[in-house]
Structures are given as structure tokens and as C-alpha cells.
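Taking it in order: structure first as C-alpha cells, then the write-up.
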2 protein chains.
Amino acid sequence: MTRVLVVDDEPQILRALRINLRARGYEVDVAADGESALRLAARDHPDVVVLDLGLPGIDGIEVIEGLRGWTSVPIIVLSVRDREADKVAALDAGADDYVTKPFGMDELLARMRAALRRVTPADEPVLIETPDFTIDLAARRVTRAGEEVRLTATEWHILEVLVRNAGRLVTQRQLLQAVWGPKYETETHYLRVYVGQLRRKLEPVPSEPRYFLTAARMGYRFEPEAP
Amino acid sequence: MTRVLVVDDEPQILRALRINLRARGYEVDVAADGESALRLAARDHPDVVVLDLGLPGIDGIEVIEGLRGWTSVPIIVLSVRDREADKVAALDAGADDYVTKPFGMDELLARMRAALRRVTPADEPVLIETPDFTIDLAARRVTRAGEEVRLTATEWHILEVLVRNAGRLVTQRQLLQAVWGPKYETETHYLRVYVGQLRRKLEPVPSEPRYFLTAARMGYRFEPEAP
DNA sequence: GCCTCCGCGTACAGATTGTGTAAGGAAGCC
DNA sequence: GGCTTCCTTACACAATCTGTACGCGGAGGC
């Protein structure tokens, strides 16, 4: 089922969108400000985000940047601002589309379909195999020596972000933002605890990590292949 | 180099687009009708297509369908028609974006960048190779003779600034400002220490730098190729 | 040609900060 | 109530950063 995260501070628009999208068979998350948007996105992993730019609190552009730190989910921006500079800023920050209010529901739906169509065929590898364990992203399952490894929700969340960025460094900020939300950007000790648990469950020698590598003062990196 | 196929039957728009896109470093193909568009696309495999809907001969929608038969190249539709039904039809036929004429060149360029970004995911391996070592900016990793070279956060930061300005001189002020912040503009000796460490870790003969060159009283320069 | 001065590179050590691990309390679920 | 999971704190250890000292060499003045 396709999940949409709708972010807008105007209740009637939020309501209209929710009703329309539900009627079309989408599962709908709603948020009225940037912080909840980032938190919900981190928790629910929507397939597409519809984002109003004129938010209270965190700026819409910052929400785009926050999301882009860890996910490539399509972002469709809604905005009353019709100035070219605004569009360029949003698109260059990482938005996929920019629709000016007032907009037609059919157009928005068509743009959503277009955005979703692009994502689906590019099905990322769902199975990640290493010499020591196998990760099935679709089934949310990790197998080690034939046995299933039980992971908690938080452990899985961290694993997922790292694995989806395999080979790349993920900064502590990105991880914290993705898993706990933007307010926790400084709580780096959470990461230490949970990365440590992942290592204990998955690394052949937890004290000498081979897959979940630390880059001091920067972040962590998942390295799927034995070096 | 990025190749753009522009399809429009109005000569002045075609001309304006060609000039603007060339000026931005794109390679530009042009076509004035649907048939040439399909032919050129097949021949040249553009990275993005900018397509006017109001074409003589084959309908614009048919061009989209024709392209979608064999390629997923991003298609940005231009059109004078602002009716929602037209947008929906084009998007559902396979277009990625729909821009109503008259449009701003900056907006179109931003939408092109957004479309291109999706195709070439931002995580394209940003690899800088020299005869002696390889830098992977995404992974934050340096490999030398097959072995990973461990760099500290500060070392990385300096390396990154230098590498992103490869071949150009980076002033001491720029470096200090980028790595330590504007308050440290005068602490040039920090640079000496850390550039020295980079040389020790990466230069074949640290005392005779070949990649990390000093420009006395000015700054440093990274030279990726052996002279 | 000699001397001085300034900037550069290196070495090193104390202070600071980051990291990994263990463990306990709170909250939720069966 | 027992179990699991999450959040939080504490602590030891290690790595990194910061700051000082010193030797070297080239540019320019004399």
C-alpha cells in the first residue's frame, strides 16, 4: 500500500487532501509543522511527501534538506509563492516538483503518480548478502547462519538507514534525524548504544567491526563486502 | 556531458532554449516536430527531453508514449494549455513534469536539474584517483595501495576542501574558515600541522609534496595528476 | 656574499572530546 | 506479573585536538 505524508498548516487543506487521498486508496499521514513532518517521515517511511512550504517553525526548505539527508523519497512542494526564485530554491534543495496554490486535486494526483512511477521500477536491491549475514529489506528480516536474528524496531531502523546508504558515510546527524527526529541531533550516545547492539548481534567479532564501521567524529558506514 | 533534446515548433523558443542551455554547458539537440524528436531521441539517447505539446504532425502525447516504449528518460513537458485535464493526460502518459508557457528559464533549468538528479542519483561514486591513492568522497574513504588510510575528521575536512577545488589554489583564510570557522582565520599553523599529516599519510615522499602543494604566504593546492 | 627575518614543516605533550560497554529504571505488551 | 524494549546515565579507555617549541630555508636588505 502506498503511504503519503501530507504536510500543511492549513487545516482545511490538510483535511481535503486526506479525504481525497484516502478515497484513492492511499494511506495518509498528516503533519502540520516541520518537526512533526520529519519525525513522521522517520517513523513511517512514506512513499511520497506532499509538503507545503509556508510552515510555522522550521522552514519548508529545511524540511526538504532534513529529509534529503537520509532519504530520496519524492517530495512534491505546494506553495502559494509563485516567484521563480522560490521554485528554484525548493527544487535545488531536493524537491521533485513544485505546485502553486491554488491547485487542482487531479493535477496533484497526476504529479504524485508520476513521482511514484519513477521510484517503483528502480526497485532497490531488497536482499543484501554478506559473508556473515543476509538482510531482507522487504521482509524486514536478518538471517545469520540460517537463523533469524531478532532486531528491535530501533535497531532495525538504524540498520536500514545504514544499509540503504551502503558504502557511503552516514553522518551522526543524519542518523539521529532519521531515527529519532530532528530534536535529537545532539544525542550521539544513542547511536553508540544501538550501533553497539547491532554489532553484538551481527558482527563476527563485535570488538573489531567489519561491517559497521566508525568514522570518528563523523558518522558510521555500512560496508557490505569483505574488504 | 549532459545532452538535452528540445522539441518545439516555435523557432524563437527553440532558439532561446538552445542558447540558454548551451550557455549552461548542456549539449543540445533540437527538433521541431514529433517525428524528428523520436528519431533524434533514438539516435542520440538524450539525458532529458524538453517537449512542447503543441506540435504539428504527431501529437505531443504520442511522442511521450513513443519514447516511453523504450526509454525512461525524463520528459519535461512545455505547453500553453493550462487545463488540468491536459496536465493529467501528459503526466499519465509518462511525462515527468509539466510546465505552462510562458515559463521562466530559471524554473525550467531547476526542474531539469531535479529530473537529472533523480536519474543520476546524487550518490554517484565521486572518486578521485591519483597514481598513488584514491579518494571516495561519498564513503569518506581514502585507499592507498589497496589499504584504507584512516583519516581524522579534521584531516578529512581539509582534504575535502582541497579536493573539491582541485587544481585551484585555496587560500589559508578559506581553509581556516571552512574547517575551524571564521574566528580562526589567523591560526595558520593549524594548517601546517594538518596538511603535514595529510602528506605523511598520502604523499609517496612527504618531504617532497607532489599532490598537496604549498603556495607560500597564500595557501595550498591539490594537484590530482602527476605533473 | 652575508645576515636577518619570516613563514614553513615537524615533533611532542597535555587537555579535551569521542567512543564502546554495562547496567538500571520506565513504559508498553502479552 | 513477566517479558521485552527503549531511554538514560556512568565509566573507562582511546583518539583527537590544541598549543608550544624548534629547526630549516628562501627572500630581501645591506
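In what follows, chains are A, B, ... by sequence order, proteins preceding strands, each numbered from 1. Note that the coordinates shown come from a computational prediction; the quantities given were computed from them, not determined experimentally.
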**Message:** Quiz question: by atom type and distance under 3.5 Å, do the side chains of A:Thr2 and A:Asp47 form a donor-acceptor pair?
**Reply:**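 No - no donor-acceptor pair under 3.5 Å links their side chains.
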[X] versus [Y]: any side-chain heavy-atom pair under 4.5 Å?
X        : Y        : answer
B:Ile128 : B:Phe222 : yes
B:Asp96  : A:Asp96  : no
A:Leu198 : A:Leu151 : yes
A:Leu169 : B:Trp156 : no
B:Val77  : B:Ile64  : yes
A:Met112 : A:Val50  : yes

**DNA chain C contacts among residues 213-221 of chain A, heavy-atom distance under 4.0 Å** =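 Going residue by residue through residues 213-221 of chain A, the ones with a heavy atom under 4.0 Å of DNA chain C turn out to be A:Thr214, A:Ala216, A:Arg217, A:Tyr220.
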**Asked** Can you tell me if the side-chain N/O atoms of B:Thr152 get under 4.0 Å from OP1 or OP2 in D:dC17?
**Response**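 Affirmative; the distance criterion is met.
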**Asked** Hey, does the side chain of A:Arg200 come within less than 4.0 Å of C:dG20's phosphate (OP1/OP2), counting only N and O?
**Response**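 A:Arg200 to C:dG20 OP1/OP2: no side-chain N or O under 4.0 Å.
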**Request:** Please test A:Lys87 against A:Asp82 for salt bridge (charged side-chain N to carboxylate O under 4.0 Å, His left out), starting from the C-alpha separation and ending with a verdict.
**Result:** CA-CA 7 Å; A:Lys87 301 184 187 179; A:Asp82 197 20; 3.1 Å; yes
**Item:** Bend angle of the helix from C:dG1-D:dC30 to C:dC30-D:dG1, from helix axes over five pairs at each end, nearest 10°
**Value:**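 Both end axes considered, the difference amounts to 30°.
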**Message:** At a heavy-atom distance below 4.0 Å, what parts of residues 172-197 of chain B sit against DNA chain D?
**Reply:**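 DNA chain D contact set from residues 172-197 of chain B: B:Trp180, B:His189, B:Tyr190, B:Tyr194.
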Figure out the [atom1]/[atom2] separation between [X] and [N], and round it to whole Å.
X        : N      : atom1 : atom2 : value
A:Phe212 : C:dG20 : CZ    : P     : 13 Å
B:Arg150 : D:dA14 : CZ    : P     : 14 Å
B:Lys201 : C:dT10 : NZ    : C1'   : 15 Å
A:Leu198 : C:dG20 : CG    : P     : 12 Å
B:Arg199 : C:dT10 : CZ    : P     : 7 Å
B:Glu203 : C:dC8  : CD    : P     : 17 Å

**Asked** Does the separation of the ring centres of A:Trp180 and A:His157 fall below 6.0 angstrom?
**Response**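 No, too far apart.
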**Prompt:** Is the side chain of B:Arg111 donor-acceptor paired with the backbone N or O of B:Tyr98 at a distance under 3.5 Å, no angle test?
**Reply:**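 No, because the side chain of B:Arg111 does not come within donor-acceptor range (under 3.5 Å) of the backbone of B:Tyr98.
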